[in-house]
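Everything on this sheet refers to the single structure shown next.
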Amino acid sequence: MNKLRRSMLFLPGANAAMLSTAFIYRPDSIMFDLEDAVALREKDTARLLVFHALQHPMYQDIETVVRINPLSTPFGLADLEAVVRAGVDVIRLPKTDTPEDIFELEGHLERIERECGREVGSTGVMAAIESAVGVINAVAIARSSPRLIGIALAAFDYVMDMQTERSDGTELFYARCAVLHAARAAGIDAFDVVWSDVNDEAGFLREVELIRKMGFNGKSLINPRQIDLLHNAYAPTQQEVDHAQRVIEAAEEGERNGLGVVSLNGKMVDAPIINHAQRVLERAAASGVRR
Ligand SMILES: CC(C)(COP(=O)(O)OP(=O)(O)OC[C@H]1O[C@@H](n2cnc3c(N)ncnc32)[C@H](O)[C@@H]1OP(=O)(O)O)[C@@H](O)C(=O)NCCC(=O)NCCSC(=O)C[C@@](O)(CC(=O)O)C(=O)O
Ligand SMILES: [Mg+2]
């Protein structure tokens with residue numbers, strides 16, 4: 001099974017208190033932000049704080065992601081130079097509009113990796129898609145580099161670009177479908193948007209249920225309280241696990257009898273159903289059963 005990436009917790013890079021404790025919350029990935037959660041006058045401080053946090057022993061057994069500033073800004077390249085040298089696992093490139101944005105990032109990454117003695121290609125990349133142009137180019141972006149581990153939809157900049165606002169999800173309907181299909185076509189992960197009202201658990205869970213059913217790997221998060229809610233909603237239910245076990249047993253019996261398709265309580269069990277059942281069992285083994 002691929003690495004579980006259900007939760008990616010954003011953490012404002014200039015917030016020293018959060019940097020010193022965030023590892024205790026155990027998201028699947030922690031995302032230090034140097035971009036929009038950091039004020040202009042704090043960009044250099046945030047970069048230095050994140051440079052040190054990345055090397056702290058407490059962050060060695062958790063996947064680390066850094067959202068750098070766009071390379072078109074005065075900060076982007078300095079961010080990249082610092083965090084690659086500090087050993088970051090994945091760079092999140094905000095406002096990715098074209099495959100050329102990824103090619104530019106790759107060029108810099110390769111040089112920095114050589115200069116600091118990191119294995120070339122070892123730094124992963126995640127593209128954040130935050131505009132209509134990015135959504136239109138999602139397939140080309142998702143296929144642009146073997147470094148890409150996933151693409152993420154970023155709703156707040158996207159709705160601005162689309163001249164609308166966050167509401168019940170209607171405004172993200174096409175973008176979610178496009179980003180998800182692009183990720184699957186490229187064989188990489190797909191991440192849904194942040195839910196900004198941390199006190200609205202019911203709204204958060206409604207959105208999580210939607211994106212789980214659509215097939216997203218997970219979601220960008222902004223608050224530790226959202227982690228357990230998300231992990232629990234993504235865990236299979238006991239009923240699903242029991243059914244998956246019965247499917248595997250029925251398939252094994254069919255195989256012993258030389259049958260490619262068998263019936264379980266009147267429902268067809270064939271290869272895709274068996275694959276799904278195996279995935280349910282793998283997920284239960286990795287993340288437990290829903291409470
Ligand atoms: C929302 C709020 C202010 C609420 O504060 P509150 O104080 O009410 O939170 P509480 O729950 O009371 O905190 C309880 C304890 O948890 C600690 N704690 C809280 N949050 C923590 C955290 N994130 N990491 C570690 N620790 C944390 C806290 O320090 C406290 O610790 P302690 O005092 O020790 O008990 C806070 O969470 C927060 O700042 N979130 C991060 C916001 C952020 O990063 N935004 C940028 C990314 S989006 C964007 O840019 C848009 C985008 O680009 C997105 C895209 O690209 O996808 C697009 O276009 O859509
Ligand atoms: Mg944004």
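Start at 1 and go down the list; that is how both ligands and their atoms are numbered.
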May I ask whether atom 23 (N) of ligand 1 is less than 4.0 Å from at least one protein heavy atom?
-> yes
Atom 34 (O) of ligand 1 protein-contacted (non-hydrogen atom, under 4.0 angstrom) = no
Can you tell me if [X] contacts ligand 1 (heavy atom of the residue under 4.0 Å from the ligand)?
| X | value |
| --- | --- |
| Ala152 | no |
| Ala128 | no |
| Leu11 | yes |

For ligand 1, which is the ligand I care about here, please tell me if [X] has any N or O atom under 3.5 Å from one of the ligand's N or O atoms.
| X | answer |
| --- | --- |
| Ile222 | yes |
| Glu35 | no |
| Asp33 | no |
| Ala155 | yes |

Any sub-3.5 Å donor-acceptor pair from Gln60's side-chain atoms to His56's backbone N or O?
-> yes
Donor-acceptor contact below 3.5 Å, side chain Asp161 vs main chain Ala132 | yes
Side-chain contact test, heavy atoms from C-beta onward, threshold under 4.5 Å: evaluate it for Val198 versus Phe204 and give yes or no.
-> no
Within a radius of less than 6.0 Å around NE2 of His181, do more than 12 heavy atoms belonging to other residues, nucleotides or ligands occur?
-> no
Short version for Tyr158: what comes under 4.0 Å of ligand 1, heavy atoms counted, is neither
Salt bridge (charged side-chain N to carboxylate O under 4.0 Å, His left out) with Asp28: of Arg5, Lys3, Arg6, only one passes, and it is Arg6
Between Glu209 and Arg212, is there a salt bridge with N-O shorter than 4.0 Å?
-> yes
Looking only at non-hydrogen atoms, the one of Ala37, Ala154, Ser220 nearest atom 45 (N) of ligand 1 is Ala37
Check ligand 1 against Glu130 and write out every atom of the ligand that is under 4.0 Å from a heavy-atom position of the residue.
-> 53 (O), 56 (O), 59 (O)
